[in-house]
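One structure is given below, encoded as structure tokens.
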Amino acid sequence: MGGRIAPGSRASSCCNTTTFPASRKGAQAMSDRVSCGALRAGDERRAVELDGWVNRRRDHGGLIFVDLRDHEGITQVVFDPQHPSFAEAEHLRNEDVLRVSGSVRRRPAGTENPRLATGDVEVAVEALEILNRSLVPPFHVNVDEDADENLRLEYRYLDLRRPRMQRNLRVRHRIVKAMRDFFDSRNFLEIETPMMIKSTPEGARDYLVPSRLYPGSFYALPQSPQLLKQILMIAGFGKYMQIARCMRDEDQRADRLVEFTQLDVELSFCTEEDVMETMESCMRYVWREALDVEVPPFVRMTHQEAIARFGLDKPDLRFGLELADVSGIFAGTEFGVFRSAIERGGAIVALRYPGGAGLSRREFDALTETAKQFGGKGMVWIALSGDGHKSSAARFLTDANVEAVRRAAAAQTGDALLLFADSAELAHAVAGKMRNEVGERCGLRDPNAFAFAWVTGFPYLEADEETGKPIPAHHPFTAPAPGDWELIDRDPMRMRAQHYDMVLNGYELGSGSIRIHKADEQRKIFEMLGLTPQQVQDRFGFFVRALDYGAPPHGGMALGIDRIVMIACAEENLREVTAFPKNQVARDLMMDAPAPVPEQLVRDLHLRIAGHDRPSSSV
RNA sequence: GGCGCUGUAGCUCAGUUGGUUAGAGCGUCGCCCUGUCACGGCGAAGGUCGUGGGUUCGAGCCCCAUCAGCGUCGCCA
């Protein structure tokens, strides 16, 4: 901390602050209070007053320029040596907070700054009031230079003062406002739902709130308002929306926070088409209003098609590079890896890497490691150079094989082919992730392009990887596709769901579905999932009973607002669009939360901390 | 919990094959400078190279462990 100056050491320069000419009200009578982004050439000779932070000081000895910054912009203010405030201005530093008054004047010809909206003018300072001093900030506030993530989160108020975060949170506001406006115009009601609800044991780990009045009992923080919004439909509200905070106690990712915000929507008497039309219109409205971008109608594809062409159920449609199933080409191959994959009913999936023929062996090896990171067992590469081909499996590949794969993947000389052999599911998944990687390397993922899509026709169930038991692919309140009820006893794994995902640039923005609205059908689904009637009663009794009182057909959707804003801001991390995010291990570094609490508070909650002698602080 | 990347001045970073006194830009402090806007000039302060151990005549650099941050797998109905 050697370079930082304690406030006391600057006290001398704080004391002789130039007195403001009059009281605040009096000053307003003489000069107009304006923002730092307001003044233009036409304001010449106006008497104005500005408040803001010192963005930068340029001291010419006989003349001092200060760029004064507030949330609206930057204005250059000038201190002339004949004014009493000049001496003080010599000691101003970045992030000091000032109030200046003076007169607006045009800058001398040739010294205008075209990069500032206010760059034609400046304010000749007549009075300076230092409202507050700043310590030397731990990182540069006036530029978007990279800074250590720890520091940014610990000094979040300074980080938020920087241009990037100011811009991102502004975009976030505009997006959320556009959402509210859109739904308001369609007669949706925004209804708040409680933050302390009952734990429903499916899904992610709950954040729990211990109860003081009921020893041993807990509230759960909502993972989403799912059941509550359905109950609002049963309650006859018809059209509901909410900007809803949600919490899930799971490990974080760049695109996943423990605490996040959803655009939550539900409507009664609707079809899948109604919901999709509503949400798609909303997003196109948001993009138009908040970003001034016209989005074409969304692409639609089935889950099956998405997997086959792009390997993932959230395809990035900003670029092509579609996958090719080349299992047939290797039907009788000698190559053990391929043969055993085929014999086990798996698949061999090929991906084109434009220009990849120039990669070195070492680079292909690194790419193979990446494939393993993605969950693959390995990768076969073929480099299509002008004078034939090189490959990690050269001895097993005939020229005819290579030519057939080349054609299937639409590759040309100079490209590489990447092949993945595994179960059909894994081969596609790994190839799909690699496709995104290749797209990234080839610069095909334009952050300013927006490729929306709907993915439909999801299977209702999937097999649990460990137990093989059927588990819902999404949540258990989703209605099966019309006509698929009959499969529930015969062949439940073939059931499809009335479920749809909205996808943007390779991110899942959210999902929606038509819900089950009859109690007996809901019970049947719970039963299929292995819940006993008693478990259903304990966990979802209130909900199933509500279905019994004339629940209307209904459906809806929830979109991750954080992700939407992140993509709109061309950011790659949710923390960049969240004012006060937690770090990767869910700590708030500014507040230093979570933190121990006084022992008495713990006792009031009828809790004891296992394995700790001192369960709490003495704060 | 696994794997990977990163950690050097307040900040962002460089630091050769292991070899003398660890550098730069920005910032900070002092002096000079009347038209700058990344102002400029001169000077100064500022480092346990994340931490602990090891190898070595010698470690910022190699090895092991550990901490922190980020990314990722698991996980996220």
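A quick note: this is a predicted structure, and the numbers were derived from the prediction, not measured. Protein chains get the first letters and strands the later ones, always in sequence-line order, with residue 1 at the start of each. Note: hydrogens, waters and symmetry copies are ignored here, and every other heavy atom, side chains too, is used.
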To the nearest 0.5 Å, how far apart are CG in A/Asn132 and CH2 in A/Trp53? 10.5 Å
Considering only B/U34, B/C37, B/G74, which nucleotide approaches the side chain of A/Arg253 most closely? B/G74
Give me the distance, rounded to whole Å, that separates B/A24 from B/G47 when you measure between the P atoms they each carry. 15 Å
Mark yes or no for a side-chain to base donor-acceptor pair under 3.5 Å between A/Arg248 and B/C76, with no hydrogen or angle criteria applied. no
Short N-O contact, A/Arg441 and A/Glu437, less than 4.0 angstrom: yes
Value in whole Å for how far the C1' atom of B/C3 lies from CZ of A/Phe374: 13 Å
Looking for any heavy atom pair under 4.0 Å, which part of the strands does A/Arg105 touch: base, sugar-phosphate only, or nothing? base
Under 4.0 Å between any heavy atoms, over every strand shown, what does A/Glu112 touch: base, sugar-phosphate, or nothing? Just pick one. base
Can you tell whether the side chains of A/Arg133 and A/Asp96 come within less than 4.0 Å, N to carboxylate O? yes
Got a sec: does the CD of A/Gln166 have more than 12 other heavy atoms crowding it under 6.0 Å? yes
What interatomic distance, in whole Å, is found between C1' of B/U55 and the corresponding atom of B/C64? 10 Å
Base paired to B/A24 (Watson-Crick or G-U; both N/O distances under 3.5 angstrom): B/U12
Look at the side chain of A/Glu369 and the base of B/G4, then say whether one donor and one acceptor between them are separated by less than 3.5 Å. no
Does OP1 or OP2 of B/G71 have a side-chain N or O of A/Asn573 closer than 4.0 Å? yes
B/A68, OP1 or OP2 - any side-chain N/O from A/Asn150 closer than 4.0 Å? no
Between C1' on B/C70 and CD on A/Glu571, what's the gap in Å once rounded to a whole number? 15 Å
Along RNA chain B (nearest heavy atom to each residue), the more 5'-positioned of A/Asp146 and A/Leu153: A/Asp146
Check every strand shown and say whether A/Asp148 touches a base, only sugar-phosphate, or nothing at a heavy-atom separation below 4.0 Å. sugar-phosphate
Could you measure between the two C1' atoms, the one in B/U28 and the one in B/G10, and give it in whole Å? 8 Å
Interface polar pairs with nucleotides 39-41 of chain B, N/O, under 3.5 angstrom:
from	atom 1	to	atom 2	distance (Å)
B/C39	OP2	A/Arg56	NE	3.0
B/C39	OP2	A/Arg58	NH1	3.3
B/C39	N4	A/Asp59	O	2.3

Report the C-alpha distance between A/Glu149 and A/Asn583 in whole Å, list the side-chain angles of each, state the deciding distance to 0.1 Å, and finish with yes or no for side chain to side chain donor-acceptor pair (under 3.5 Å). CA-CA 9 Å; A/Glu149 190 91 23; A/Asn583 73 0; over 6 Å; no
Just how far, in rounded Å, is C1' of B/G35 from CZ of A/Arg106? 16 Å
If the P atom of B/G53 is compared with that of B/U12, how far apart are they to the nearest Å? 27 Å
Would you measure the distance from the P atom in B/A44 across to the matching atom in B/G7 and give it in whole Å? 30 Å
Validation row: A/Arg496, A/Phe458 side chains within 4.5 angstrom (heavy atoms): no
Here the distance between atom P of B/U28 and atom NE2 of A/His91, to the nearest Å, is 13 Å
Nearest to the side chain of A/Pro81 - B/U34, B/C70, B/C73? B/U34
Flag side-chain contact, heavy atom, 4.5 Å: A/Met590 against A/Glu154: no
So which one's nearest nucleotide on RNA chain B is more toward 5', A/Arg205 or A/Glu572? A/Glu572
Between atom CG in A/Leu63 and atom C1' in B/C32, what is the gap in whole Å? 15 Å
Looking at every strand, decide which applies to A/Ile64 at a 4.0 Å heavy-atom threshold: base, sugar-phosphate, or nothing. nothing
Categorize A/Asp251 for me: base, sugar-phosphate, or nothing, with a 4.0 angstrom heavy-atom threshold over every strand shown. base
When rounded to the nearest 0.5 Å, the distance separating CD of A/Gln535 from CD of A/Glu527 is 12.0 Å
Kindly say whether, by distance alone, the side chain of A/Asn94 makes a donor-acceptor pair under 3.5 Å with the base of B/G27? no
Between B/G46 and B/U8, how far is it from one C1' atom to the other, in whole Å? 14 Å
So CE of A/Met493 and CG of A/Leu461: to nearest 0.5 Å the spacing works out to 5.5 Å
Quick one, A/Asp255 with A/Arg253, criterion salt bridge (charged side-chain N to carboxylate O under 4.0 Å, His left out). Give me CA distance, side-chain angles, the key distance, then yes/no. CA-CA 5 Å; A/Asp255 63 350; A/Arg253 289 286 185 278; over 6 Å; no
Just the rounded figure in Å: distance from P of B/G4 to CD of A/Glu437. 17 Å
With a sphere of 6.0 Å drawn around CD of A/Glu462, does it hold more than 12 non-hydrogen atoms of other residues, nucleotides or ligands? yes
Whole-Å P distance, B/A68 and B/A22: 31 Å
Report yes if the side chains of A/Arg587 and A/Lys582 come closer than 4.5 Å at any heavy-atom pair, otherwise no. no
Produce the list of close N/O pairs, under 3.5 Å, pairing protein atoms with atoms of nucleotides 23-25 of chain B; give distances to one decimal.
none

For B/G18, which nucleotide is its Watson-Crick or G-U wobble mate, given both distances must be under 3.5 Å? none
How is A/Arg575 classified with respect to the nucleic acid when contacts are heavy atoms under 4.0 Å: base, sugar-phosphate, or nothing? sugar-phosphate
Tell me the interatomic distance from A/Ile471, atom CD1, to B/C75, atom P, rounded to whole angstroms. 9 Å
Expressed as a whole number of Å, how far does the P atom of B/C13 sit from that of B/G19? 24 Å
Closest listed nucleotide, where the reference is the side chain of A/Leu151 and the choices are B/G27, B/G69, B/C11: B/C11
Is there a stack between A/Phe139 and B/C11, judged by ring centres under 5.5 Å and planes under 30°? no
Nearest-Å distance, CD (A/Gln252) to C1' (B/C73)? 16 Å
Complementary nucleotide of B/G30, counting Watson-Crick and G-U pairs under 3.5 Å: B/C42
Once hydrogens and angles are ignored, does a donor-acceptor distance under 3.5 Å link the base of B/G4 to the side chain of A/Gln373? no
Under 30°, 30 to 60°, or over 60°: which ring-plane class applies to A/Phe540 and A/Phe477, parallel, tilted or perpendicular? perpendicular
Would you indicate what A/Gln584 reaches in the nucleic acid, counting non-hydrogen atoms under 4.0 angstrom: base, sugar-phosphate, or nothing? base
So does A/Arg152 reach the base of B/C11 with its side chain, donor to acceptor, closer than 3.5 Å? no
Going through the distances and angles, do A/His499 and A/Tyr460 end up as a ring-ring contact (aromatic ring centres under 6.0 Å, His included)? CA-CA 8 Å; A/His499 173 106; A/Tyr460 197 89; 9.3 Å; no
Is any side-chain nitrogen or oxygen of A/Arg93 closer than 4.0 Å to OP1 or OP2 of B/G27? no
Using Watson-Crick geometry (N1-N3 plus N6-O4 or O6-N4) or G-U wobble (N1-O2, O6-N3), each under 3.5 Å, B/G7 is paired with B/C67
